[in-house]
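This report concerns only the one structure given below.
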Amino acid sequence: MSGNYLIDGHKLHFHPQRVAQLLDAENDISKLQTIYPIYVEISPVGACNHRCKFCAVDYIGYQTANKLDTETIKTVISEMAQKGVKSIMFAGEGEPLLHKKIGEIVQHTKSSGIDASFTTNAVPMNDKFIEQAIPYTSWIKASVNAGTEESYAQIHATQARDFKIVINNLKRAVEFRNKHQHECVIGLQAVLLPDNKNDMLTLAKIARDEIGADYLVIKPYSQEPASITTEYKDISYESDFNESLKEQLQQLNTDKFKVNYRSETMALYHEKQENRYSTCYSTPILMSYIMANGSVYGCKDHLFDEKFKYGNINETAFSTIWEGEKRQQNLHYVLNDLDVNKCRVNCRLDKVNRFLFDLKKDKIQHVNFI
């Protein structure tokens with residue numbers, strides 16, 4: 001359970017056939033249209049029981065009425081499997097465990113041949129979910145952004161009692177996993193903020209000693225351009241405190257528990273824009289996003305931008321959407337007109353883009369001398 005998950009890197013090099021497809025297509029949009037995503041993020045519901053201070057999708061408005069129809073999304077998942085989609089993360093603009101049929105959906109995902117995972121605040125994680133989902137899930141990552149009840153309530157904008165609820169829920173999930181010898185990896189993640197930096201050691205000890213989790217990820221904040229919240233837009237990760245914190249946290253590592261302090265990504269937060277890639281080669285090719293209202297987007301960081309919206313699964317088959325005119329137009333826009341310097345820093349596909357940019361632009365010399 002304590003393996004290297006490459007959380008601070010990327011895994012595209014484990015998909016050489018998809019990379020070869022992308023490279024062979026070059027900028028031929030008709031060829032790029034036939035390449036399906038490796039990974040899809042799906043938001044089962046628009047509702048969320050928390051209002052985290054750093055929420056990147058606060059601008060969507062926590063639309064409680066939006067919920068994916070169970071049979072519709074199961075049909076879409078089956079179609080995705082046939083088209084080569086490898087993984088689905090249930091997360092999105094809402095709390096995925098609030099969908100009443102989420103256990104049924106994840107079982108269908110795995111039986112279709114697609115790996116399933118969850119990012120959740122874990123408050124709604126009840127015994128029914130644990131028993132239905134864990135046997136079919138690759139990993140569950142709980143967003144826990146504090147180490148005490150008081151700071152948790154302040155950062156998550158919720159009641160303090162939720163903190164202990166989360167700890168107990170995750171502890172039960174680990175116990176169930178261990179008892180039945182399932183392979184589901186269970187971890188926690190925290191966004192490092194000025195508000196919670198003094199809590200991280202406490203949180204790590206709770207994750208290791210009370211919950212029995214496999215890991216804790218500590219990652220940097222990233223300002224979403226469309227977000228309403230701007231409290232942390234000028235945050236800095238260049239202080240000596242962070243290296244000291246990293247060293248203290250790593251002393252808690254064991255054979256069964258690891259702290260993944262994403263220092264490499266934190267360093268990239270302050271990178272000069274001109275040193276980054278100039279073209280996003282992974283969007284809209286290697287990943288897709290489905291909102292709780294059924295809308296299909298090529299990039300999670302451009303929700304509500306009509307240029308990135310391809311259609312709606314409540315109206316059209318996924319393959320028709322993916323190979324349709326609106327995605328064709330977006331491919332042309334991303335390859336020719338998108339200014340990546342205005343995109344979110346350290347987006348989900350940042351490391352993938354760096355890898356592809358090196359491959360496509362021949363930045364590495366003498367590549368034939370292996």
Side-chain angles (χ1 to χ4, degrees), residues 7-8 39-64 66 88-98 117-123 141-146 152 154-158 188-197 217-237 262 265-266 268-271 276 280 282-284 287-293 295-309 338-353:
I7 291 173
D8 208 23
Y39 163 77
V40 177
E41 181 173 344
I42 295 178
S43 179
V45 295
C48 188
N49 52 315
H50 285 179
R51 295 292 184 270
C52 298
K53 291 179 64 179
F54 58 85
C55 181
V57 290
D58 54 3
Y59 65 97
I60 293 174
Y62 312 102
Q63 299 183 23
T64 58
N66 289 342
I88 291 175
M89 179 175 74
F90 295 102
E93 70 264 24
E95 165 51 51
L97 271 58
L98 293 177
S117 66
F118 288 88
T119 295
T120 170
N121 61 45
V123 175
K141 191 182 297 178
S143 180
V144 186
N145 297 280
Y152 182 89
Q154 186 258 334
I155 293 170
H156 284 251
T158 188
L188 288 73
Q189 70 175 7
V191 177
L192 187 62
L193 303 168
D195 316 52
N196 65 12
K197 63 182 182 181
V217 176
I218 298 177
K219 65 181 187 178
Y221 172 79
S222 177
Q223 179 68 43
E224 162 61 57
S227 287
I228 296 172
T229 179
T230 58
E231 181 176 349
Y232 304 108
K233 67 181 179 65
D234 297 320
I235 196 169
S236 173
Y237 291 103
R262 298 187 61 180
T265 303
M266 291 179 193
L268 291 174
Y269 192 88
H270 301 285
E271 181 185 30
R276 299 173 68 214
C280 179
S282 54
T283 300
M287 177 184 172
S288 182
Y289 181 89
I290 300 178
M291 292 186 70
N293 66 4
S295 295
V296 179
Y297 283 83
C299 179
K300 181 181 179 179
D301 294 327
H302 292 276
L303 302 182
F304 287 179
D305 185 338
E306 288 296 318
K307 291 192 293 293
F308 286 85
K309 181 181 176 181
L338 177 66
D339 183 358
V340 296
N341 291 324
K342 295 181 180 179
C343 288
R344 185 179 187 178
V345 176
N346 283 338
C347 74
R348 186 181 296 278
L349 293 175
D350 179 72
K351 299 289 180 64
V352 171
N353 272 326

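Since the structure is predicted, the reported quantities are computational estimates derived from the model, not experimental observations.
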**Request:** Please check if the side chain of N346 supplies one atom and the backbone of M266 the other of a donor-acceptor pair under 3.5 Å.
**Result:** no
**Request:** Please check if the side chain of E95 supplies one atom and the backbone of V45 the other of a donor-acceptor pair under 3.5 Å.
**Result:** no
**Request:** Under the side-chain contact (heavy atoms from CB on, under 4.5 Å) rule, collect the residues that match up with A146, sequence neighbours excluded.
**Result:** S151, Y152, I155, D199
**Message:** When you measure from the side chain of T64 to the backbone of A47, do you find a donor-acceptor pair of N or O atoms at a distance under 3.5 Å?
**Reply:** no
**Request:** In plain terms, say whether D350 and R276 are close enough for a salt bridge, that is, a side-chain N and a carboxylate O under 4.0 Å apart.
**Result:** yes
**Prompt:** Any donor-acceptor pair under 3.5 Å linking the side chain of D301 with the backbone of C343?
**Reply:** no
**Item:** Ring center gap for F54 and Y221 short of 6.0 angstrom
**Value:** no
**Message:** Quick check against the 3.5 Å criterion: does N145 have a side-chain atom that pairs as donor or acceptor with the backbone of V191?
**Reply:** yes
**Message:** Tell me if a side-chain donor or acceptor on H270 pairs with a main-chain N or O of Y237 at a distance below 3.5 Å.
**Reply:** yes
**Prompt:** Stepwise, does the side chain to side chain contact (heavy atoms under 4.5 Å, CB included) test hold for V123 with H156?
**Reply:** CA-CA 11 Å; V123 175; H156 284 251; over 6 Å; no
**Qualifying residue for side-chain hydrogen bond (donor to acceptor under 3.5 Å, both in side chains) with K300, from E41, E93, E224** = E41
**Message:** Does any part of the side chain of Y269, heavy atoms only, come nearer than 4.5 Å to the side chain of I235, both counted from C-beta?
**Reply:** yes
**Any residue meeting side-chain hydrogen bond (donor to acceptor under 3.5 Å, both in side chains) with N49, in chain and number order, not counting sequence neighbours** = N121
